[in-house]
Amino acid sequence: QVQLVESGGDSVQTGRSLRHSCAVSGFPFSTYCMAWFRQSPENEREGVAVIDIEGKVTYADFVKDRFTISRDIANDTLDLQMNSLVPEDTAVYYCASTPRKSNPACSLGGLFQYWGQGTQVTVST
């Protein structure tokens with residue numbers, strides 16, 4: 001069974017850091033496009049970062065060098081290191097994956113077939 005299980009959500013103050021993780025199983029992790037998205041009451045779901053099967057990384061502009069996406073193929077985990085958090089980062093964060101063939105460019109604007117359950121990140125002032 002395909003599973004994406006997230007952990008690492010928390011409530012923190014501005015300027016703190018969090019590491020968000022996604023444990024994946026049931027599909028060839030290293031051959032799938034992997035990404036992080038987020039959604040808040042104020043915004044539609046938006047892409048945060050994506051990593052393709054070669055390890056190429058693309059970030060949304062609002063990350064501003066604060067977030068780092070990484071993939072640990074040995075442990076089948078996808079991570080998002082979030083530093084210098086601000087209230088605007090408050091959202092439910094989702095990991096997502098898709099086979100290369102369904103999103104050949106591995107674009108945040110493309111199709112992602114599998115999704116994690118989402119975890120809440122709250123950043124207070």
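For the single chain, residues carry numbers from 1 onward in sequence order.
- Taking hydrophobic clusters as Ile, Leu, Val, Met, Phe, Trp and Tyr residues chained together by side-chain heavy-atom distances below 4.5 Å, Leu108 shares a cluster with Tyr94.
- Gln117 and Thr119 share no donor-acceptor pair across their side chains, judged by distance under 3.5 Å alone.
- Heavy-atom minimum distance, Ala91 versus Gln120: O-NE2, 3.4 Å.
- Both Met34 and Val48 belong to a common hydrophobic cluster when Ile, Leu, Val, Met, Phe, Trp and Tyr are linked at side-chain heavy-atom distances under 4.5 angstrom.
- Within a 6.0 Å sphere centred on CG of Leu111, heavy atoms belonging to other residues, nucleotides or ligands number more than 12.
- Nearest heavy atoms, Ala49 versus Tyr59: CB-CD2, 3.5 Å.
- In terms of hydrophobic clustering, with Ile, Leu, Val, Met, Phe, Trp and Tyr side chains grouped at heavy-atom distances under 4.5 Å, Val5 and Trp115 are assigned to different clusters.
- Residues Val123 and Val92 are members of separate hydrophobic clusters, defined by side-chain heavy-atom contacts under 4.5 angstrom among Ile, Leu, Val, Met, Phe, Trp and Tyr.
- Between Phe67 and Leu85 the shortest side-chain heavy-atom distance falls below 4.5 Å.
- Remark: the Gln81 side chain and the Asp79 side chain contain no N/O donor-acceptor pair separated by less than 3.5 Å.
- Val50 is listed as a side-chain neighbour of Cys33, based on a closest heavy-atom distance under 4.5 Å.
- Within the 4.5 Å cutoff, the side chain of Val121 has no heavy atoms near those of the Asp10 side chain.
- The CD atom of Glu88 sits 8.5 Å away from the CZ atom of Arg38 when rounded to the nearest 0.5 Å.
- The two residues Thr125 and Thr14 have their closest heavy-atom pair at CA-OG1, 3.7 Å.
- Counting heavy-atom neighbours within 6.0 Å of Asn43 CG, excluding the residue itself, gives a total above 12.
- With contacts defined as side-chain heavy-atom distances shorter than 4.5 Å, the pair Ser21/Thr77 does not qualify.
- Using a 4.5 Å heavy-atom cutoff, the side chains of Ser97 and Phe27 are in contact.
- The shortest side-chain heavy-atom distance between Tyr32 and Ile53 does not fall under the 4.5 Å cut-off.
- A donor-acceptor pair under 3.5 Å is absent between the side-chain atoms of Arg100 and the main chain of Asp52, judged by distance alone.
- Side-chain contact between Ser84 and Val86 is absent, with no heavy-atom pair separated by less than 4.5 Å.
- Ile51 places a side-chain heavy atom less than 4.5 Å from the side chain of Leu78.
- Here CD of Glu6 is found 4.0 Å from SG of Cys95. Values are rounded to the nearest 0.5 Å.
- Closest of all the heavy-atom pairs between Pro104 and Ser102 is CD-C, 3.8 Å.
- Donor-acceptor pairing under 3.5 Å is lacking for the side chains of Asn103 and Thr98.
- Shown here for Asn83 and Ser17, the closest heavy-atom pair between the two residues is OD1-OG, 2.9 Å.
- Note that the CZ atom of Arg19 and the CE atom of Met82 stand 10.0 Å from one another [nearest 0.5 Å].
- A 6.0 Å sphere centred on CZ of Arg16 holds no more than 12 heavy atoms belonging to other residues, nucleotides or ligands.
- Both Tyr93 and Phe62 are assigned to one and the same hydrophobic cluster, defined by single-linkage of ILVMFWY side chains at heavy-atom distances under 4.5 Å.
- Cation-pi geometry between Arg45 and Trp36 is not met: the NZ or CZ atom fails to fall both under 6.0 Å from the ring centre and inside 45° of the normal.
- One distance of note links OG of Ser107 with CZ of Phe112; it measures 7.0 Å at 0.5 Å rounding.
- By the neighbour-count criterion of 12 heavy atoms within 6.0 Å, atom CD of Glu54 is densely surrounded, having more than that number from other residues, nucleotides or ligands.
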